[in-house]
S.K.: 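Attaching a single structure in structure tokens format; questions to follow.
Order of the sequence lines fixes the chain letters, A, B, ..., with proteins taken first and strands second; residue numbering starts at 1 for each chain. In this text the structure is predicted, and so the values were computed from the model without any measurement.
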2 protein chains.
Amino acid sequence: MAEKKTAFQAEVEKVLRALRKEIYSGLRLPRERLVESDLALSFSVSRMVIRQALATLKTEGLVEIAPYKGASVAPISIKSIRENYQILSVLEGFATGLAAAGLRPEDLDNLKNIVKQQRALDPGDVKEWQRLNQDFHRTIEKACGNRRLGELIRRYAYFTTYWFLALSAPGRIAVNVKEHEAVVKALEKKDAEKARALVERHIMGAGEHLMEHLKLTMPMGILQ
Amino acid sequence: MAEKKTAFQAEVEKVLRALRKEIYSGLRLPRERLVESDLALSFSVSRMVIRQALATLKTEGLVEIAPYKGASVAPISIKSIRENYQILSVLEGFATGLAAAGLRPEDLDNLKNIVKQQRALDPGDVKEWQRLNQDFHRTIEKACGNRRLGELIRRYAYFTTYWFLALSAPGRIAVNVKEHEAVVKALEKKDAEKARALVERHIMGAGEHLMEHLKLTMPMGILQ
DNA sequence: CCTGATAATATTGTATACGATTTTGTTGAA
DNA sequence: TTCAACAAAATCGTATACAATATTATCAGG
């Protein structure tokens, strides 16, 4: 994206990575205030860096900003989760369809390898599963040949690493791996339509499953 | 989006509208430099306002910004046009599918009315046609029930009003109106799948037509 | 006249300072 | 006690000032 970075921008990205992690790991809970001067102090960075980072997080939907009131971790609602998953599933599905055409042999090998690792995984190792899952989709995004689409997907994909999203994962891993296998098979046959449909349902399915799970297990009040 | 606006933000939006118009009307040509202090003077607004506006235009893909070199109108390439149309067609198609479910009767009437006006239009009146076209899609975006999706689409839709994009319009109006009619029919039947597919092809088709047109008529050098 | 080096100018990047707004704390009357 | 009114403090928003960088102009040597 940015060919050359200034020191300022590098600092912003550092803060960005840190804050994302703090938010989606659950260290910062929804509605928690993010005071600029505090953050500036704790990251030993100027307040402008923090402001820039917060503005970016706003576009990712992770924080809300109100004039003169400041930033806070965005509250999560079933509605916002659905909105995100819908967008992500559509974009990622489309990207996969595009990738079916231009996929290089080494990319396909890479995907097969990822799926194999996933199948061999300890069913409780959610963290590693999440990493492999990310790798899988990242590979496809790169291969789709639409740079702008890739950037867009990445922005929305941060969402899926939210702390509570992992809650529903253990029961999904087996299903997920099967779906990945089907996607790889479709890509191998260069069946763009099928690959696209599979991924779309794959992601939206994960979303639906998650939302059901949340409705049952979440203490009221955290969700919106 | 923004519940409350500060005076600063209002000024930013004013500049934003003006600059978008200047760019996509052709007043500012690709690669033209956008010097902050000049713009600040001509809009009688602080330089910070300009900077904020330029940053936003960057996310819309209308301008490029390089550190210490400043902003310039983004050069257009066939590739970037294709990327934009792909994204837009997918998102708008999906939104239409969603809208099929939740469309209110008055929205449907509204759409029918727009199409009727379009059919009665003087084939040379590209400006009015563009306006109606925008109305048509805006109505659908609002009815889709996914706020975030609507925002996203709007960001990418600015692109389609680029000055040279209108060049290919006259030969397209008849086709376009027919396609709109088909979409309305699908919506009336609440056939989400069909509405989605129609819109997707509708927009991507417009994109393909445009790109063919540009390859033939554009003086080399303006395109990238 | 060209070319490279250097100085002068123009332009952008950002830390700082200060005004605007919200939030918190205090006080006194009902 | 509870509440409203006001004051004080905290926090945010942004214009300004200056530093960093890029661009243009100048000029000496070939």
S.K.: Just checking A:Leu54: base, sugar-phosphate only, or nothing, at a heavy-atom cut-off of under 4.0 Å?
M.R.: nothing

S.K.: B:Thr6 side chain: which of C:dT11, D:dC12, D:dT14 is closest?
M.R.: D:dT14

S.K.: Return the value, rounded to whole Å, for the distance between atom CG of B:Leu41 and atom C1' of C:dT12.
M.R.: 17 Å

S.K.: What residues, two or more places apart in sequence or in another chain, satisfy ring-ring contact (aromatic ring centres under 6.0 Å, His included) together with B:Phe136?
M.R.: B:His180

S.K.: Is the side chain of A:Glu11 donor-acceptor paired with the backbone N or O of A:Phe8 at a distance under 3.5 Å, no angle test?
M.R.: no

S.K.: Test A:Glu179 against A:Arg172 for side chain to side chain contact (heavy atoms under 4.5 Å, CB included), laying out the working first.
M.R.: CA-CA 11 Å; A:Glu179 288 174 342; A:Arg172 272 302 272 195; 4.1 Å; yes

S.K.: Could you list the protein-to-nucleotides 6-8 of chain D atom pairs, N/O on both sides, closer than 3.5 Å?
M.R.:
none

S.K.: Counting only side-chain heavy atoms from C-beta out, which of D:dT23, C:dT21, C:dT11 sits nearest to A:Tyr68?
M.R.: C:dT21

S.K.: Roughly, in whole Å, what's the span from CG in A:Leu34 to C1' in D:dA10?
M.R.: 16 Å

S.K.: Tell me which nucleotide among C:dT14, D:dA22, D:dC12 gets nearest to the side chain of B:Lys69.
M.R.: D:dA22

S.K.: Could you state the atom-to-atom distance from CD of B:Gln9 to P of D:dC12 in whole Å?
M.R.: 15 Å

S.K.: Report the residues that fulfil salt bridge (Lys or Arg N to Asp or Glu O under 4.0 Å) with A:Glu60, sequence neighbours left out, ordered by chain and then residue number.
M.R.: A:Arg20

S.K.: Counting side-chain heavy atoms from C-beta on, which of D:dC12, D:dT21, C:dT22 comes nearest to A:Arg33?
M.R.: D:dC12

S.K.: Is there a donor-acceptor pair closer than 3.5 Å between any side-chain N or O of A:Glu212 and the backbone N or O of A:His209?
M.R.: no

S.K.: Can you check the A:Glu36 CD to C:dT16 P distance for me, whole Å?
M.R.: 15 Å

S.K.: Output the residues of residues 44-52 of chain A in contact with DNA chain D, where contact means a heavy atom of the residue under 4.0 Å from an atom of the strand; sort by number or write none.
M.R.: A:Arg47, A:Arg51

S.K.: Of B:Ile140, B:Ile114, B:Asn110, which meets side chain to side chain contact (heavy atoms under 4.5 Å, CB included) against B:Asp135?
M.R.: B:Ile114

S.K.: Using atom NZ of B:Lys5 as one end and atom P of D:dG13 as the other, report the distance to the nearest whole Å.
M.R.: 16 Å

S.K.: Just to verify, what does A:Glu200 make a side-chain hydrogen bond (donor to acceptor under 3.5 Å, both in side chains) with, not counting sequence neighbours?
M.R.: B:Arg196

S.K.: Checking the side chain of A:Glu83 only, and the main-chain atoms of B:Arg147 only, is there a donor and an acceptor separated by less than 3.5 Å?
M.R.: yes

S.K.: Identify, with sequence neighbours excluded, every residue that meets salt bridge (Lys or Arg N to Asp or Glu O under 4.0 Å) alongside B:Asp38.
M.R.: none

